[in-house]
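To start, the structure itself, in structure tokens.
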Amino acid sequence: MAFGKGDHLHLIDGSTFIFRAYHALPPLTRKSDGLPIGAVAGFCNMLLRYIEGNNGGTAATHLAVIFDHAGKTFRSDLYPEYKANRPPLPEDLRPQFPLTREATRAFNIACVETEGFEADDIIATLTKEAVAAGGDVTIISSDKDLMQLVGPQVQMWDAMKDRRIGPNEVVEKFGVGPERVIDVQSLAGDSVDNIPGAPGIGVKTAALLINEYGDLETLLARAAEIKQPKRRETLLTKADQIRLSRELVTLRLDTPLDTTLEDFIIRTPEPEVILGFLGEMEFRTLTRRLAEKMGVEAPVIAAAPASAPAVGEAPAPTPPEALPFEAENYACVQDIEALNAWIARIYEQGYVAVDTETTSLDEMRAELVGISLAVAANDACYIPLNHREGTDDLFGTAKRVEGQLDPALALEALKPMLEDMSILKIGQNIKYDAKIFAMQGVTLTNIDDTMLMSYALNAGKHNHGMDVLSEEYLAHKPIPIKTLLGTGKSARTFDTVAIEDATKYAGEDADITLRLWQLLRPRLHQERVTTVYETLERPLSPVLAQMEMHGIQVDRDTLSRMSNAFAQKMAALEAEIHELAGQEFNVGSPKQLGEILFDKMGLTGGKKGKTGAYSTGADVLEDLATEHELPGRVLDWRQLSKLKSTYTDALQDHINPDTGRVHTSYVQTGANTGRLASTDPNLQNIPIRTEEGRRIREAFVAGEGKTLVSLDYSQIELRILAHVANLPAMKQAFHDGQDIHAMTASEMFNVPMEEMTPEIRRSAKAINFGVIYGISGFGLARNLRIPRSEAQAFIDTYFERFPGIKTWMDETVAYAKEHKYVETLFGRRIHTPEIAAKGPAAGFAKRGAINAPIQGTAADVIRRAMIRMPEAITDLPAKMLLQVHDELVFEVESSAVEETIARVKEVMENAAMPIVALDVPLIVEAGTGKNWAEAH
DNA sequence: TGTTTCACG
DNA sequence: GACGTACGTGAAACAC
């Protein structure tokens with residue numbers, strides 16, 4: 001295809017990139033052989049940033065990087081002094097030039113240079129060609145010499161300053177439009193390039209003259225008319241010099257080239273090639289970043305020096321030494337000199353394990369008691385800040401323990417290090433510590449989290465708390481916190497722990513964290529889950545921290561009124577139940593209820609399980625409701641009891657007195673599939689399915705002048721199923737925007753869509769969900785309350801009509817059996833150690849293996865959306881507050897609701913891209929209101 | 001501390 | 001052939 005109208009050529013001025021990179025970065029050298037590579041690193045970084053969208057807001061169809069050729073150019077022949085007073089090339093830059101060419105080619109970008117010409121001439125020639133062909137051009141450079149090329153089809157883009165250069169910017173710079181830039185430059189000359197111009201005339205005067213006379217030739221011809229004697233004299237006597245200058249500054253439009261515009265068509269980089277090159281250069285961060293971008297595993301690169309990691313580079317952990325723990329080795333930091341010495345050591349090393357000790361697990365109410373740091377095994381310290389004497393006086397003001405650093409002073413000293421992007425802060429569940437620090441005005445940046453590493457590595461194998469990890473990986477049982485604080489009613493808070501004990505405990509926590517990091521970091525690579533950790537875990541942690549700290553406003557009065565109403569209704573029901581039972585008993589006790597129902601009243605039903613107690617679950621009571629009035633009343637009572645105790649009562653206790661809001665905690669490692677869990681309180685199970693329960697959502701409100709906006713994925717798990725199991729009929733239905741359950745029903749029962757009844761649709765819906773859960777005849781039968789044989793017949797029909805399902809399920813189970821794990825589309829691994837089990841456990845493991853890739857992929861999708869969200873809405877008065885698996889809730893200034901919805905939708909619907917291109921569209925639906933009931 | 005129940009996706 | 005069973009969570013109350 002010939003280059004032409006509609007095409008857009010981007011020309012990157014390679015020299016600008018190289019010099020900028022060289023001067024912007026410290027003189028980095030390759031670890032293995034000392035080769036200077038700072039400019040190459042910066043160059044690659046800039047190319048990557050360009051690829052990531054720092055391109056002037058215009059997408060290129062064609063792209064090339066243009067370089068200056070080494071050696072003399074035709075300009076030196078014209079004027080030997082041309083560029084003669086340039087400073088010599090730095091020694092360590094010269095060997096990097098060929099490497100930048102190699103880098104460009106490794107990115108699969110065309111690379112152009114021509115002997116005897118400058119990059120600017122090539123750019124000019126290519127620009128002319130592209131314009132003649134009817135295309136558009138963006139020149140990525142800030143070089144003023146290129147401004148003469150700007151025109152209706154040609155713009156420049158200053159990538160460093162993120163600034164477009166069009167005709168207006170040219171006028172700003174030269175006082176004339178692009179077409180007269182050459183004339184002005186010819187007069188004004190250029191000291192950097194050593195172009196003589198007209199002595200005594202600068203850009204200002206030159207522009208003045210050109211604007212007055214129209215162009216350079218006219219000016220020179222009519223120079224005698226100029227009033228100012230000096231200017232007149234100069235123009236008359238230096239006309240030759242000015243014309244020479246014009247030749248020097250005029251870019252050549254006829255540079256010989258052995259490539260054509262078509263050669264510059266955009267090409268995707270080959271992962272092996274570009275990652276190979278970056279690996280060879282030993283650019284670890286860049287390799288990782290690009291590998292993530294391309295959705296492939298980064299190759300392992302030799303360890304970087306532990307002493308001086310490059311900016312933004314996560315240093316490679318040194319191999320762990322199986323040293324026994326020596327708690328008595330931990331230092332207690334009690335003066336500023338000692339603290340500063342630790343900070344200096346951390347700067348030297350480039351990374352540190354951090355842990356905070358506080359008075360509460362609720363970060364929003366916790367007070368900072370102390371901080372521990374570890375730089376190596378057995379090399380840790382504890383900084384006590386707010387330890388108090390154990391005994392409160394009558395006013396609750398216990399005395400501060402002597403010999404502690406002033407907290408403000410200590411934090412002031414630590415803050416620069418904690419906020420320094422070049423120092424890696426390692427934590428175990430570091431979201432907690434980040435929030436504690438945030439309350440102190442310190443923003444923890446550049447973090448690693450051993451808990452999240454374990455989650456990426458081991459989801460499904462074991463939990464990821466420090467105790468488990470320490471025993472699993474370090475064969476060391478940490479000091480139980482119980483031994484310091486006690487349990488139950490007599491439990492103390494950490495601030496009353498003796499500093500000596502606290503030092504051992506806190507020092508150990510930091511020590512363990514550091515050792516875990518040393519072990520787990522390299523395993524991410526070995527187990528091929530670096531991408532999961534880097535793209536789905538590490539960046540989510542700060543996003544969650546922000547959401548949790550914002551919290552959501554909850555109206556206490558609304559809840560309180562509901563509680564009272566529920567209490568009254570419950571009392572009435574209770575009396576009725578006792579009446580029906582003929583005796584008083586604890587309605588909330590399943591055991592007592594079972595005895596009343598089955599022993600006393602003789603209703604039919606069975607015992608259950610190891611405890612031998614009657615089962616009185618909702619399904620059982622619903623069946624019994626046809627025989628007797630009592631079970632129905634109990635169901636009503638239970639519903640109210642649940643709503644009151646779990647929601648209307650408990651939520652009030654969770655309203656933070658300072659903020660008036662409820663701050664949940666998301667557990668990133670809570671669900672093996674990649675889903676989040678929400679605790680203290682759980683805001684992911686606020687009622688909605690019954691009208692009475694749904695009203696609890698009315699208590700979740702937007703602030704003054706704000707609106708709650710809820711956006712949720714429509715049928716995301718079924719869409720993912722359609723994609724992974726490759727179900728053409730279902731994919732088509734999603735493309736057509738059909739009612740998916742009705743479509744399934746129509747397909748299964750041969751009922752035309754127009755004749756669909758709610759009853760048939762309901763069955764199909766149950767089967768659709770059943771499939772996601774690893775369908776079984778028994779389960780479906782119970783759910784639909786139909787005979788098992790009938791349920792099995794449904795399933796058989798389903799598998800017949802959607803043949804991809806069975807194949808996919810079998811393949812998935814086989815994969816799990818072979819690998820002992822399954823994967824989401826994004827590479828998240830969920831281990832299935834039980835898959836080989838015999839007996840009932842086998843069924844569980846099978847269904848889990850089938851469900852995990854679907855639920856997990858959906859979880860990955862919304863995670864990706866959440867990670868991108870802060871930047872997408874950064875300029876809007878909108879805050880992301882809650883996540884409920886397939887729903888995100890925002891609080892937005894009412895005037896910005898529409899814009900927010902548009903932006904959020906965009907991010908959510910495209911969240912799988914570019915790593916995964918689903919065969920079905922992801923659709924997001926939005927709702928708004930003053931409260932969550934209205935918004936959902 | 002373990003079990004049962006039930007709220008959500 | 002029997003086992004038992006829909007997937008993933010958290011919180012509250014009861015029972016021991």
Side-chain angles (χ1 to χ4, degrees), chain A residues 459-460 487-488 585-594 608-621 634-635 637-651 653-654 664-667 669-690 692-694 696-697 712-718 721 766-784 788 791 795 822 830 837-856 858-859 862 882-887 936:
Chain A
T487 56
F585 70 100
N586 184 351
V587 183
S589 161
K591 186 167 175 269
Q592 292 179 36
L593 176 66
K608 204 190 171 186
K610 333 147 206 192
T611 56
Y614 290 114
S615 173
T616 66
D619 48 348
V620 175
L621 295 187
V634 173
L635 282 170
W637 183 92
R638 277 203 186 150
Q639 193 200 352
L640 296 175
S641 165
K642 179 79 173 182
L643 295 177
K644 182 171 186 291
S645 68
T646 310
Y647 300 104
T648 55
D649 287 351
L651 273 174
D653 299 335
H654 281 286
T664 185
S665 282
Y666 289 103
V667 188
T669 58
N672 291 335
T673 52
R675 273 195 181 178
L676 302 177
S678 162
T679 66
D680 307 301
N682 180 357
L683 295 186
Q684 290 182 323
N685 71 346
I686 303 301
I688 192 165
R689 290 174 187 171
T690 66
E692 256 174 329
R694 185 189 170 87
I696 290 171
R697 294 186 174 223
D712 68 298
Y713 285 107
S714 162
Q715 308 288 8
I716 186 166
E717 292 191 354
L718 270 181
L721 173 71
I767 301 171
N768 275 335
F769 279 110
V771 167
I772 292 172
Y773 298 151
I775 199 158
S776 77
F778 181 93
L780 183 65
R782 203 177 62 167
N783 189 285
L784 283 177
R788 198 171 156 179
I795 294 169
V822 290
I830 299 104
K838 298 272 177 243
F844 280 109
K846 250 178 163 170
R847 292 191 294 270
I850 289 166
N851 174 257
I854 302 172
Q855 186 180 116
I862 197 166
L882 304 177
Q883 189 250 41
V884 193
H885 309 309
D886 63 357
E887 173 189 11
H936 187 84

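Just so we're on the same page: letters track the sequence lines, and every chain starts at 1.
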**Study point:** Base C:dG8 to side chain A:Arg847, donor-acceptor N/O within 3.5 Å cut-off
**Key:** no
Review point. Can you tell me how far P in C:dT5 sits from the matching atom in B:dT4, rounded to whole Å?
Key: 11 Å
Practice item. Using a heavy-atom cut-off of under 4.0 Å over every strand shown, decide if A:Phe769 touches base, sugar-phosphate, or nothing. Key: nothing
Check your understanding: Donor-acceptor pair under 3.5 Å: do we get one between A:Arg788's side chain and the base of C:dT5?
Key -> yes
Practice item. For nucleotides C:dG4 and B:dC6, find the distance between their P atoms and express it as a whole number of Å. Key: 23 Å
Review point. Base, sugar-phosphate, or nothing for A:Asn682, non-hydrogen atoms under 4.0 angstrom?
Key: sugar-phosphate
Check your understanding: Hey, does A:Gln592 reach any base, or is it just sugar-phosphate, or nothing, if we go heavy atoms under 4.0 Å?
Key -> sugar-phosphate
Study note, to complete from the structure: Applied to residues 637-646 of chain A, the salt bridge (Lys or Arg N to Asp or Glu O under 4.0 Å) test, sequence neighbours excluded, yields A:Lys644-A:Asp649
Practice item. Mind checking A:Arg689 for me? I need base, sugar-phosphate or nothing, with any heavy atom below 4.0 Å counting as a touch. Key: base
Practice item. Could you check whether A:Gly588 gets within reach of a base, just the sugar-phosphate, or nothing at all, counting any heavy atom under 4.0 Å? Key: sugar-phosphate
Check your understanding: Within the pair A:Thr673 and C:dC7, is there a side-chain N or O less than 4.0 Å away from OP1 or OP2?
Key -> no
**Study point:** Nearest-nucleotide pick for A:Leu635, side chain only, options being C:dC7, B:dA7, B:dC6
**Key:** B:dC6
Review point. Across the strands shown, which category fits A:Gln639 at heavy-atom distances under 4.0 angstrom: base, sugar-phosphate, nothing?
Key: sugar-phosphate
Point to revise | Separation of C:dC14 P from A:Trp637 CH2 (nearest whole Å) | key: 7 Å
Practice item. Report which part of the nucleic acid A:Gly770 touches: base, sugar-phosphate, or nothing (heavy-atom distance under 4.0 Å, all strands). Key: base
Study note, to complete from the structure: Listing for DNA chain C: consecutive Watson-Crick or G-U pair runs of at least 3, distance cutoff 3.5 Å, ranges ordered by first number, gives B:1-9 with C:7-15
Exercise for review: In whole angstrom, give me the gap between the C1' atoms of B:dT5 and C:dC3.
Suggested key: 25 Å
Practice item. Mind checking A:Ala618 for me? I need base, sugar-phosphate or nothing, with any heavy atom below 4.0 Å counting as a touch. Key: sugar-phosphate
Review point. Atom NZ of A:Lys642 and atom P of B:dC8: how far apart are they, to the nearest Å?
Key: 9 Å
